[in-house]
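What follows is a set of notes on a single structure, which appears directly below.
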Number of protein chains: 2
Amino acid sequence: MKKSLADKIEQYIKVLIARSESDQIEIQRAELAETFSCVPSQVTYVLATRFTERDGYVTISRRGGKGYVRITRCEDTASLREFTELCGFIDELLAYKAISQVEKDLLIYLITNAFKYFNHQQKGQIYDGIKQAISDYVNLHE
Amino acid sequence: MKKSLADKIEQYIKVLIARSESDQIEIQRAELAETFSCVPSQVTYVLATRFTERDGYVTISRRGGKGYVRITRCEDTASLREFTELCGFIDELLAYKAISQVEKDLLIYLITNAFKYFNHQQKGQIYDGIKQAISDYVNLHE
DNA sequence: TCCTCTTTGACCTTTGTTGACTTTCATATA
DNA sequence: TATATGAAAGTCAACAAAGGTCAAAGAGGA
């Protein structure tokens, strides 16, 4: 895959986080931009598109002298959105009697326990895929 | 029969996939079009007519700078060892009345359709995870 | 001829890149 | 203490660089 500048900066930041002890790094926006020979707002763009809470990251920053951007990876909340959505969806299906209580229990158990060896990004994709498939299944059988 | 341009592009892509490690390639639409001296939408046409899910392929793409099209060949899941094992296991559960026919149908549909964006290896891992989880679930409820 | 598949191109949508301008903060200075 | 100054980061809109859509025209075979 040809990597865009944004891709490279993303990867760079992820390596830094991976190497860190506390899943947390502090950078200076201008300095990072300098490293990649681009404008500082490019870094802002990368953070806005690839390090959102949805992606399992939280960033806080301070302006002015000695300013910084701190990026923290929250493994806990990672893929939480998809997980929550999927659970909510399954609840709805039960409410509308599209599935039974027994099926719901099995599904919830499954999605809670079957994918613990995947990283949060993969989990997100898996949950999305399952949601889509269940949705299709229900549509087929209604 | 004379080979159309679309046929040639199709063959070209299939060779690339055959040579790849993971049954998956990434191309740039414009670049491929350049190679065959045609308009980019010709490539789109080839993908739409010869690399559909029915044909056993899944394509995803990204627009914008350094965009790409990723084409994945989804070999028949039935030939995947983990898939076969999982299906067999689910059949057993039904036979022992650990799950109902309804549950079985849902599960089979799910594992057949939910993970098409993953490559072979990842699917294997996913199926293993699901099998383990179902096994645990049944043990808990017997 | 007629029908189906192919080819093309104009226009659309999404994603990435840049730079001018704004806001916030620490610190030096009156 | 109040204010000025400079050094950060944020915002936003214009522009660039991909891929997508769709309809019309072309080509070839039954």
Side-chain angles (χ1 to χ4, degrees), chain A residues 1-17 24-73 121 124-125 128 132, chain B residues 1-14 16-17 20 24-55 57-73 116-117:
Chain A
M1 172 172 95
K2 277 189 183 168
K3 283 212 176 81
S4 66
L5 179 53
D7 291 332
K8 291 177 197 160
I9 296 175
E10 173 191 2
Q11 209 168 13
Y12 182 81
I13 293 175
K14 285 185 172 165
V15 168
L16 289 186
I17 293 177
Q24 175 173 299
I25 61 164
E26 266 183 29
I27 58 163
Q28 289 207 272
R29 194 180 72 142
E31 193 185 314
L32 185 52
E34 178 71 23
T35 303
F36 285 90
S37 304
C38 64
V39 295
S41 53
Q42 179 72 281
V43 175
T44 306
Y45 175 74
V46 172
L47 294 178
T49 54
R50 293 147 154 90
F51 291 87
T52 67
E53 255 173 86
R54 265 190 57 170
D55 300 314
Y57 297 88
V58 173
T59 72
I60 60 165
S61 65
R62 200 175 65 183
R63 302 184 186 189
K66 304 284 193 305
Y68 60 83
V69 179
R70 182 184 304 148
I71 309 162
T72 309
R73 189 171 80 175
Q121 195 194 344
Q125 289 173 24
D128 278 343
Q132 187 60 52
Chain B
M1 175 182 89
K2 205 185 147 196
K3 263 206 181 118
S4 68
L5 178 54
D7 291 334
K8 290 177 197 160
I9 296 175
E10 173 191 3
Q11 213 167 7
Y12 182 81
I13 292 174
K14 285 186 171 164
L16 288 186
I17 294 177
S20 74
Q24 180 171 292
I25 62 163
E26 274 181 20
I27 57 162
Q28 289 206 268
R29 193 180 73 142
E31 194 184 312
L32 186 52
E34 178 72 21
T35 303
F36 285 89
S37 304
C38 64
V39 294
S41 53
Q42 178 73 289
V43 175
T44 306
Y45 173 73
V46 172
L47 294 177
T49 55
R50 292 148 156 89
F51 292 88
T52 67
E53 266 181 62
R54 275 197 59 215
D55 300 316
Y57 296 88
V58 173
T59 73
I60 60 167
S61 64
R62 194 176 72 181
R63 301 185 187 190
K66 303 287 191 299
Y68 59 83
V69 180
R70 182 185 304 148
I71 309 162
T72 308
R73 170 142 170 249
K116 56 191 173 194
Y117 293 111

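Quick note on labels: first sequence line is chain A, next is B, and so on, each numbered from 1.
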I need the [atom1]-[atom2] distance between [X] and [N], as an integer number of Å.
X	N	atom1	atom2	value
B:Gln28	D:dA17	CD	P	13 Å
A:Ile71	D:dG10	CD1	P	10 Å
A:Leu5	D:dC15	CG	C1'	16 Å
B:Tyr45	D:dA25	OH	P	18 Å
A:Arg63	D:dA9	CZ	C1'	6 Å

Work out which heavy atom in A:Thr49 is nearest to a heavy atom in A:Thr52; give both atom names and the distance.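 Taking every non-hydrogen atom into account, C-CG2, 4.4 Å.
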Heavy-atom closest pair, residues A:Lys8 and A:Lys3: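 Closest pair (atom of A:Lys8, atom of A:Lys3, distance): CE-O, 3.7 Å.
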Flag side-chain contact, heavy atom, 4.5 Å: A:Gln125 against B:Tyr117: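 The answer is no; the side chains never approach within 4.5 Å.
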So how far is it from [X] [atom1] to [Y] [atom2], rounded to the nearest 0.5 Å?
X	Y	atom1	atom2	answer
B:Arg50	B:Tyr57	CZ	OH	12.0 Å
A:Arg73	A:Ile13	CZ	CD1	13.5 Å
B:Glu10	B:Ser4	CD	OG	8.5 Å
A:Leu47	A:Gln42	CG	CD	10.5 Å
B:Ile60	B:Gln24	CD1	CD	7.5 Å

Please list, in 5' to 3' order, the outermost nucleotides of DNA chain C lying under 4.0 Å from any heavy atom of chain A.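 Contact boundaries, 5' end first: C:dT15 to C:dA26.
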Indicate yes or no: does A:Asp55 engage A:Lys14 in a salt bridge with an N to O separation below 4.0 Å.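 No salt bridge links A:Asp55 with A:Lys14.
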So what does [X] hit on the nucleic acid, given a heavy-atom distance under 4.0 Å: a base, only sugar-phosphate, or nothing?
X	value
B:Arg70	nothing
A:Arg62	sugar-phosphate
B:Gly67	sugar-phosphate

Using a strict heavy-atom distance below 4.0 Å, which residues from residues 36-43 of chain A are in contact with DNA chain C?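 Output list: A:Cys38, A:Val39, A:Ser41, A:Gln42.
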State whether B:Thr44 places a side-chain N or O below 4.0 Å from either non-bridging phosphate oxygen (OP1 or OP2) of D:dG19.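 Answer no for this pair, as no side-chain N or O of B:Thr44 is under 4.0 Å from OP1 or OP2.
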Name the residue closer to the 5' end of DNA chain C, choosing between A:Lys66 and B:Arg50 according to the nucleotide with the nearest heavy atom.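 Nearest nucleotide further toward 5': that of B:Arg50.
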